[in-house]
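Position 1 is the first residue of the sequence; numbering continues from there. Predicted model only: the values in this text are computed from it and were never measured. Atoms within each ligand, like the ligands themselves, are counted from 1 in listed order. Just so you know, these numbers use all the heavy atoms, side chains as well, and skip hydrogens, waters and symmetry mates.
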Amino acid sequence: MTLHWFGLVDNVKSVTTVHSAVSRTGNSVHWYTEANELQDQLSFSEGAVVFLKTSLAYNAYELCRELSAAYPYISIVLLVPAEELDLKKAMHAGAIDAVVLPSQEAEVIQAAREAESAVRLKMARIQPDTPEAPKADGRVVTICGTKGGVGKTTLTVNLAVAFSKSNLKVGVLDLDLQFGDITILFDSQPKRTIYEWVKEEYEHSRGNLDRYMIRHSSGVEILSAPLRPEFAEVVTGEHVGIIIGELRRRYDLVLIDTPPSLVETGLVALDNSADILLVASVDLPTLKNSKLCIETLESLGMKDKIKLVLNRDTKIDGITAGTVENVLGMPIYSRIPSEGKVVVASVNKGIPFVLSNPRSAVAKSVFSCAAKLQSQQRSTNKASVKKVPKKSMLARLLTR
Ligand SMILES: Nc1ncnc2c1ncn2[C@@H]1O[C@H](COP(=O)(O)OP(=O)(O)O)[C@@H](O)[C@H]1O
Ligand SMILES: [Mg+2]
């Protein structure tokens, strides 16, 4: 696999020292002034080190975040004037390093070497064992919601089993990294979680998920959230991007549960999803926050993927399904009734209610949500499931 060196600058003359420093490492940077040109090149490249210089013409930090989510096999080094340096922001955006301009040659060389070895590590991890290694084309569905307790985890678990019952190979990723409880709802006690995967596999230049997936009797396989909240910090957006790629290779359908907040790991999941199930309930705080969430996802070009699921669907003080649709500005995709007895008993027994009470109203609604998603999947062209809209997303960010 070939490693490329690219850069994005508003003015090529401003990075001559960077160019000559990289040349000393035996490599040559191809500089672009248009983000679209850079993105086109990345689409055809297996791996790349990318220098991104901050500019008035585009938001380099946001672009960095977009590119690192879209192309997992790149390492980005930000080039920034001293007064604009925000290392924490750069790291959160997915950059491997930030170099202050103007800079010493030695500093650029060190950053370039680190970026190069990081990409090579990632590329080594994706080398297929055989030329016919299966393509990653499982469908990714992320379940999100702006409040704890709206029913994200309940929906994820029961949808997973519903899909599995219709003979799909289903993988579940618990991205509620601090307080994930997917395995509790499946009554299993994981020994290895996403945290151990990072420590034992990723950090040793491997990426195999075999030992980390927990198999439930329904056929659903789960990658658990860490066992302790403090381990959550270890898992980054980059890890999540790699894991999703692996899961897509292994499963027909990948369901991802998320925490109530919009964090980087969750955003990577949303960005890599064909469908986003936004779980809402009939109460004003949830509606207000769901609206904010929709607006945020809209600004990231993800609104089209949102499907609104109304959980615990009951009429409360005049707030009807119609009110919810009006407030949120989108139709309700699926309605799940409130059925405390069935749901709570299922949680306490650790048996998803689509298995323990398949004829209950709540189970039937989950089956019909699964069937609707499945029929849509069949009618969706595989190519369009893959993240084609990246270009327009990027373009939207750039023109903001
Ligand atoms: N449709 C429903 N009817 C009754 N109880 C529900 C329903 N959906 C969820 N619950 C209950 O609400 C609580 C929170 O659900 P959970 O799925 O853990 O929410 P989240 O993952 O969004 O925090 C759980 O006790 C669950 O049993
Ligand atoms: Mg939850």
Undergrad: Answer yes or no: is there a side-chain heavy-atom contact under 4.5 Å between Leu373 and Leu277?
TA: yes
Undergrad: Taking Ser281 for the side chain and Asp283 for the main chain, is one N or O donor matched with an acceptor at less than 3.5 Å?
TA: no
Undergrad: Hey, is Lys152 touching ligand 1 through its side chain, its backbone, both or neither, going by heavy atoms under 4.0 Å?
TA: both
Undergrad: Under a 4.0 Å N-O cut-off, is there an ion pair linking Asp275 with Arg139?
TA: yes
Undergrad: May I ask you to list the atoms of ligand 1 that are less than 4.0 angstrom from any heavy atom of Val347?
TA: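 Matching atoms, with element in brackets: 27 (O).
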Undergrad: Before signing off on this row, confirm whether Thr154 and ligand 1 have an N or O atom pair separated by under 3.5 Å.
TA: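 Yes, Thr154 has an N/O under 3.5 Å of an N/O on ligand 1.
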Undergrad: Using a strict 4.0 Å cut-off to heavy atoms of Gly340, name the atoms of ligand 1 that fall inside it.
TA: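 Checking each atom against Gly340, I get 4 (C).
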Undergrad: Does a salt bridge link Glu196 with Lys199, judged by any charged N lying under 4.0 Å from a carboxylate O?
TA: no
Undergrad: Do the side chains of Arg192 and Asp210 get close enough for a salt bridge, i.e. N-O under 4.0 angstrom?
TA: no
Undergrad: Under 4.0 Å, heavy atoms only, figure out whether ligand 1 is touched by the backbone of Pro337, its side chain, both or neither.
TA: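 It is the backbone that touches ligand 1; the side chain stays farther off.
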Undergrad: Where's the contact between Val150 and ligand 1, heavy-atom distance under 4.0 Å: side chain, backbone, both or neither?
TA: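 Both parts.
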Undergrad: Which residue holds the protein heavy atom closest to atom 27 (O) of ligand 1, what is that atom called, and what is the gap in Å?
TA: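 Of every protein heavy atom, Val343 CG1, 3.2 Å lies nearest to atom 27 (O) of ligand 1.
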Undergrad: Would a 4.5 Å heavy-atom cut-off, applied to side chains only, mark Ile256 and Ile143 as touching?
TA: no
Undergrad: Going by the order shown, which atoms of ligand 1 are within less than 4.0 Å of some heavy atom of Glu339?
TA: 3 (N), 4 (C)
Undergrad: Determine yes or no for a side-chain-to-main-chain donor-acceptor pair under 3.5 angstrom, with Thr193 supplying the side chain and Tyr195 the backbone.
TA: yes
Undergrad: Answer yes if Val12 and Phe51 sit in the same cluster of Ile, Leu, Val, Met, Phe, Trp and Tyr residues linked by side chain heavy atoms under 4.5 Å apart, and no otherwise.
TA: yes
Undergrad: Would you say atom 25 (O) of ligand 1 has a protein heavy atom nearer than 4.0 Å?
TA: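 Within 4.0 Å: no protein heavy atom nearby.
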Undergrad: Looking at Glu339 and Val362, would you say the former's side chain and the latter's main chain have a donor-acceptor pair under 3.5 Å?
TA: yes
Undergrad: Would you please determine whether Gly145 falls within less than 4.0 Å of ligand 1 on a heavy-atom basis?
TA: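 Contact check Gly145 vs ligand 1: negative.
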Undergrad: How close does the nearest protein non-hydrogen atom get to atom 12 (O) of ligand 1, and which residue and atom is it?
TA: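 Nearest neighbour among protein heavy atoms for atom 12 (O) of ligand 1, to 0.1 Å: Arg312 NH2, 2.3 Å.
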Undergrad: At a 4.0 Å threshold, what atoms of ligand 1 neighbour a non-hydrogen atom of Gly148?
TA: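 In order of number, 23 (O).
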Undergrad: Return a yes/no value for Gly151: is any of its N or O atoms, backbone included, closer than 3.5 angstrom to an N or O of ligand 1?
TA: yes
Undergrad: How are the rings of His19 and Trp31 set relative to one another: parallel (under 30°), tilted (30 to 60°) or perpendicular (over 60°)?
TA: tilted
Undergrad: At a threshold of 2.8 Å, where the distance has to be below it, does the Mg ion (ligand 2) have an N, O or S atom of Thr156 nearby?
TA: no
Undergrad: Once you restrict to heavy atoms under 4.0 Å, what part of Asn311 touches ligand 1? Side chain, backbone, both or neither.
TA: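 Asn311 to ligand 1: side-chain contact only, backbone stays beyond 4.0 Å.
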Undergrad: Got an N/O contact under 3.5 Å between Gly149 and ligand 1?
TA: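 Between Gly149 and ligand 1, an N or O pair is found under 3.5 Å apart.
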Undergrad: May I ask you to check whether Thr153 has an N/O atom sitting below 3.5 Å from an N/O atom of ligand 1?
TA: yes
Undergrad: Hydrogens and angles aside, do Tyr251 and Glu221 bring a side-chain donor and acceptor to less than 3.5 Å of each other?
TA: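 Yes, a side-chain donor-acceptor pair sits under 3.5 Å.
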